[in-house]
Structures are given as structure tokens and as C-alpha cells.
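Numbering of ligands and ligand atoms starts at 1, following listing order.
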Amino acid sequence: MSKSKYVTQACTSCGRESKMEIIGAVVGAENKVWFRCTRCHHSMMLDMAGKGKQDNVIIYNREECVDYSPEKIFEIGVSIYHTDWDDMGKVTSKEKTSSGGNAIWVHFEKNGIKKLIENLQLAD
Ligand SMILES: [Zn+2]
């Protein structure tokens with residue numbers, strides 16, 4: 001249980017996807033964690049907010065949530081509230097859809113991971 005945890009991240013020092021050893025959390029900033037690159041041993045601080053692959057528990061706070069709407073643009077890490085589903089989620093990543101639109105991946109409290117449209121251009 002006391003094994004070191006590793007994540008794969010692009011290193012800001014050697015510029016390559018590297019295995020990063022988690023050194024420890026930053027006191028007073030629970031989303032920020034110190035990592036050390038196993039390639040170049042450079043230490044760096046990363047913001048873990050929105051890293052959906054991590055097994056840490058996501059805390060959902062309705063007051064921090066922005067109501068979801070397909071026309072809006074969402075940043076990775078922000079909390080959103082889906083009014084139709086009555087569900088809170090956190091934006092974990094973004095992607096371009098095959099039709100050239102924009103989509104976000106959201107980790108919802110009840111519905112799990114869902115893909116939603118963002119920055120929808122309404123045709124007139
Ligand atoms: Zn490195």
C-alpha cells in the first residue's frame with residue numbers, strides 16, 4: 001500500500017512524456033502536487049484539478065458549478081451543473097469532434113464520464 005505513485009506527464013524540463021514520481025502534495029493547495037521526472041530528475045509542481053485519470057475523489061460543490069449549456073466554452077478543471085440531469089461534473093479534457101466542433105469530457109457525480117458539446121455555433 002505504501003508504493004510510490006507515478007503518473008505519465010510531459011516534463012517541462014526535458015520536454016518528453018515521462019514517468020513522474022509523486023513527491024508530495026503542496027500544503028494549502030490540495031490540487032497541486034510536486035512531481036519528479038524519472039528521466040531528468042527535474043522537480044515540478046502540477047495542478048491536479050481536472051485530471052480525471054487520478055483516483056482521488058472529486059469534490060463536487062454546487063456553488064462552484066457553472067450551469068452547462070452547449071453554447072458556452074468550459075475550461076478544463078471547472079465544475080459544471082447539468083440542469084436536465086440534475087448532476088454535477090468536472091471537465092476533465094477537451095477534444096475536437098469529427099464534424100469540427102468542440103466537445104468536453106466531463107466526470108459527473110451520478111452519470112460518470114460523459115462527452116458534451118461546447119462552443120456550439122448556432123446556425124442562423
Ligand atoms: Zn524530465
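M88 approaches Y60 most closely through the heavy-atom pair O-CE2, 3.5 Å. Among all heavy-atom pairs drawn from I76 and T92, the shortest one is CG2-O, 3.7 Å.
Taking the centre and axis of the six-membered ring of F108, the NZ or CZ atom of K114 falls outside the cone set by 45° and 6.0 Å.
Looking only at atom types and distance, the side chain of R39 has a donor-acceptor partner in the side chain of S18 under 3.5 Å away. Using a 3.5 Å distance cut-off with no hydrogens or angles, the side chains of D84 and Y68 do not pair a donor with an acceptor.
Of the possible polar contacts, one joining the Q121 side chain to the N119 backbone as a donor-acceptor pair under 3.5 Å is found.
For the Zn ion (ligand 1), protein N/O/S neighbours under 2.8 Å (waters excluded) are C11 SG, C14 SG, C37 SG, C40 SG.
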